[in-house]
Amino acid sequence: MARDIHALISQMTLEEKASLCSGSDFWHTQPIERLGIPAVMFADGPHGLRKQGDGRDDHLGLNESIEAVCFPAACALASSFDPELAKKLGSTLGQECQAEGLGVLLGPAVNIKRSPLCGRNFEYLSEDPFLTGKIAAAYIDGVQSWDVGTSIKHFAANNQEYRRMNCSSEVDERTLREIYLPAFEEAVKASQPQTIMCSYNKINGVYSADNEWLLSKVLREEWGFEGYVVTDWGAVNNRVQGVRAGLDLEMPSSGGVNDAKIVAAIKNGTLDEALLDQTVERILKVVFSYVDHRHPEATFDRDADHEKAVEMETECAVLLENNGALPLKAGAKVAYIGGFALTPRYQGGGSSHINASKVISALQSAQVKRRNVIYTEGFPSDRDEIDPDAFCAAVDAAREAEAAVVFAGLPDIVEGESYDRVNMKLPACQDRLIAAIAAVQPNTIVVLHNGSPVECPWAEDVAAVLEMYLGGQGVGEACDRLLWGEANPCGRLAETFPLRVEDNPSFLNFPGDGKKVKYAEGVFIGYRYYDTKKMPVRWAFGHGLSYTQFEYRDLWLSSDKMDDEGTVQVNVVVSNTGPIDGKEVVQLYISDKTGCTSRPTKELKGFAKVALRSGETKTVTLEITARDLSWYNEDIDDWYAASGKYEVLVGHASDDIQLSGELQFTTNKIPPMIIDGSTTLSELMDNPKTAAALSQILRTTFGSAATENATSTESKDATEQATIFAMPLKTLANFAAMGEEQYQEMLNGLRSALHQGSINH
Ligand code: BGC
């Protein structure tokens with residue numbers, strides 16, 4: 001029987017309603033016993049359960065939580081390019097939550113990787129909003145399939161840790177709409193997360209927690225969000241303005257202080273009680289959606305879920321380089337070097353930190369499987385320090401083996417929640433040892449454990465590089481499978497590895513001065529920038545190798561024309577032409593050829609991960625819509641694609657396009673034209689409605705012959721023509737010595753020509 005939440009609210013006192021607007025403690029919502037409203041518990045997320053109890057609560061992962069399974073962190077998850085896998089992860093976590101009595105899991109975290117230096121990038125998915133949105137939506141579907149809520153976070157423009165609690169992200173609306181909001185938009189529209197967590201920071205001077213434009217206009221009115229907005233822990237600014245703006249729940253508890261402010265504001269008439277009722281209704285809907293749908297059959301089987309963690313990480317790891325050294329040959333004598341072989345780094349620090357149920361290292365895995373592996377530490381995994389004896393022993397071991405695997409990575413202290421990285425380098429001791437080993441051992445393989453790109457100065461000197469990211473507690477076993485060919489790598493980079501951090505487009509404006517950070521690079525972030533500037537990078541967005549090969553042929557579109565309402569299917573034939581089974585990630589990018597505005601060379605608008613047996617061929621179909629061609633046009637406050645030509649590019653990676661097709665797009669959306677003194681003659685000539693009227697004005701002012709010469713497409717003097725057409729009406733009036741009356745007459749004449757038969761005013 002459905003709950004009558006309205007009836008429940010009508011029985012509440014004002015104080016009771018206000019009390020529901022903040023937590024009862026660090027991790028629970030407020031109960032009201034007399035009305036049968038229970039407390040519901042939260043836990044972090046996103047890649048495992050951080051369920052804390054007995055009063056030892058914190059939002060930085062400082063105190064122990066229950067033993068749980070640590071799955072691949074988001075940096076790895078996104079590299080799977082596999083929404084099905086994200087859904088499976090979500091569903092595993094959803095079941096674990098039901099078994100543990102958790103009503104809302106705090107994740108996924110979908111902030112876009114603006115700079116490789118953001119300390120929390122390991123917890124975020126990608127530099128690309130399209131990929132981020134698809135993975136996030138699937139994760140939410142998975143968790144919520146168990147009637148457990150998610151809290152997609154941190155809404156919005158929280159792309160650094162430095163001064164994250166007060167800094168203002170200064171971003172223009174087009175950039176917000178195209179880069180920093182679409183993952184939230186996709187998740188809300190496709191999967192309705194039960195809650196959304198607003199970020200600590202300000203956006204263009206307004207705290208997210210107070211931001212009516214963000215929390216009400218965009219999130220609810222435009223996207224149709226039905227759940228409640230919760231603060232990031234401690235992110236409330238002005239509690240009463242928060243209610244007005246659309247902020248529902250404050251976490252953790254304010255000890256009643258802020259609830260009293262809500263009550264006072266209603267009593268003194270500065271806050272409408274109807275807004276409070278709405279907030280309470282949203283919170284209760286989510287509370288009861290959990291309470292009324294408990295799953296007594298749910299279990300938290302740590303061993304079974306550990307196996308899932310291993311399988312998932314196997315699908316996430318990215319093979320970045322391979323000259324044939326991988327997979328390792330059965331029986332080969334291999335030197336394992338580096339502390340991470342023994343104690344892998346598999347998660348980042350902060351609120352997502354999991355008390356992992358078990359961790360089996362790559363070295364242990366190799367030993368269990370009786371591989372011919374010898375281990376030497378070479379360098380410590382927790383600091384940058386060279387011990388000359390350990391260094392030489394590692395070089396000797398590498399020289400004497402048939403291959404050397406260096407387990408490199410970032411120490412915990414280098415990246416984590418609350419602080420950013422200061423550079424993009426591995427500890428110098430690691431770079432030096434890798435270079436020394438590569439000099440004596442041609443089969444040198446580097447395995448990386450990091451949450452964000454690192455500079456790899458030795459990349460061209462080693463035989464192979466395998467990026468494991470922060471792969472969760474299954475990382476060691478997954479690594480073993482991939483190194484020795486028991487599994488075929490199939491991850492793809494969800495972010496660019498630039499050659500140097502200075503190449504990153506945000507470099508000059510990251511992390512700002514503590515008060516403000518300017519997103520001056522606009523929409524040109526990640527591959528959108530490197531690609532458009534034709535800059536070399538270490539490894540491009542979408543890149544990833546396999547132990548088999550794939551071939552593309554026969555790209556065809558269901559139609560080569562499209563309009564605002566239409567969709568087009570893009571088909572391509574992909575074959576596995578290599579010796580073993582594998583998975584290819586087919587990627588579709590759109591390139592705007594209309595020249596209408598400044599846009600990235602290409603943007604990801606579709607992808608599919610396809611399993612292909614050796615010798616197998618499949619046809620892959622991806623769909624595109626007008627939105628996929630569009631940019632956010634602030635003049636019309638809407639998505640807009642100009643009429644004209646678009647290229648559809650399909651291939652292995654952003655830097656490895658195999659096939660392309662062409663699409664002719666026609667739109668009915670005509671950006672409104674405002675005619676005033678700054679309107680140029682060329683704008684008026686480009687618009688069929690004003691072109692004739694302008695020619696007439698020019699003829700009257702300058703005479704027919706001169707006008708003919710200036711407007712004719714055959715005009716000999718291109719420079720003169722360009723100069724004339726660049727002129728705004730104000731300047732034309734000056735040259736023609738028009739009086740004020742004549743000038744106004746000209747403007748009015750052009751305006752009425754524009755509006756004749758037009759619906760756009
Ligand atoms: C983090 C959130 C987290 C919350 C609760 C905050 O500091 O930013 O991501 O969910 O703490 O631990």
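We count ligands from 1, going down the list as the structure has it; atoms in each ligand are counted the same way. These values consider heavy atoms only, across backbone and side chains, with no hydrogens, waters or symmetry-generated copies.
Salt bridge Glu212/Lys217: absent, no basic N to carboxylate O contact under 4.0 Å. A salt bridge is absent between Asp44 and Lys51; no separation between the charged side-chain nitrogens and carboxylate oxygens falls under 4.0 Å. With salt bridges taken as basic N to acidic carboxylate O contacts below 4.0 Å, one links Lys17 and Asp277.
At a 4.0 Å heavy-atom cut-off, ligand 1 does not touch Phe42 at all. Neither the backbone nor the side chain of Glu123 comes within contact range of ligand 1; no heavy atom lies under 4.0 Å. At a heavy-atom cutoff of 4.0 Å, ligand 1 is contacted by the side chain of Arg120 but not by its backbone.
Close contacts between ligand 1 and Trp27 involve ligand atoms 5 (C), 12 (O) [criterion: under 4.0 Å to a heavy atom]. Heavy-atom proximity to Met197, at under 4.0 Å, picks out these atoms of ligand 1: 10 (O). Listed by number with element, the atoms of ligand 1 under 4.0 angstrom from any heavy atom of Leu106 are 10 (O). Within the listing of ligand 1, atoms 12 (O) sit less than 4.0 angstrom from a heavy atom of Arg50. Atom numbering of ligand 1 starts at 1 in the shown order; those under 4.0 Å from a heavy atom of Ser351 are 1 (C), 2 (C), 3 (C), 9 (O), 12 (O). Taking every non-hydrogen atom of Lys153 and a distance limit under 4.0 Å, the qualifying atoms of ligand 1 come out as 2 (C), 3 (C), 9 (O), 10 (O).
Here the heavy atom of the protein found nearest to atom 5 (C) of ligand 1 is Asp44 OD2, 3.4 Å. Summary of contacts: the protein heavy atom closest to atom 11 (O) of ligand 1 is His59 CB, 3.3 Å. In terms of protein heavy atoms, atom 8 (O) of ligand 1 is closest to Asp232 OD2, 2.7 Å.
Shown here are the salt bridge (Lys or Arg N to Asp or Glu O under 4.0 Å) partners of Glu467, two or more places apart in sequence or in another chain: there are none.
Cation-pi geometry between Arg114 and Tyr519 is met: under 6.0 angstrom from the ring centre, within 45 degrees of the axis.
Using 4.0 Å as the threshold, Phe26 has no heavy atom nearer than that to any atom of ligand 1. The shortest separation from a heavy atom of Glu417 to ligand 1 is under 4.0 Å, placing the residue in contact.
Residues Ser208 and Lys202 are not in side-chain contact: their nearest non-hydrogen atoms beyond the backbone lie 4.5 Å or more apart. Considering only heavy atoms from C-beta on, Val517 stays 4.5 Å or farther from Glu170 through its side chain.
Checked by distance only, ligand 1 and Asp58 stay at 3.5 Å or farther apart across all their nitrogen or oxygen atoms.
For Phe524 and Tyr529, the gap between ring centers reaches or exceeds 6.0 Å.
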Q | Check against ring-ring contact (aromatic ring centres under 6.0 Å, His included), Trp233 and Phe42 | A | CA-CA 11 Å; Trp233 265 229; Phe42 296 93; 5.5 Å; yes
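Inspection of the Ser351 and Arg120 side chains reveals an N or O donor paired with an N or O acceptor under 3.5 Å.
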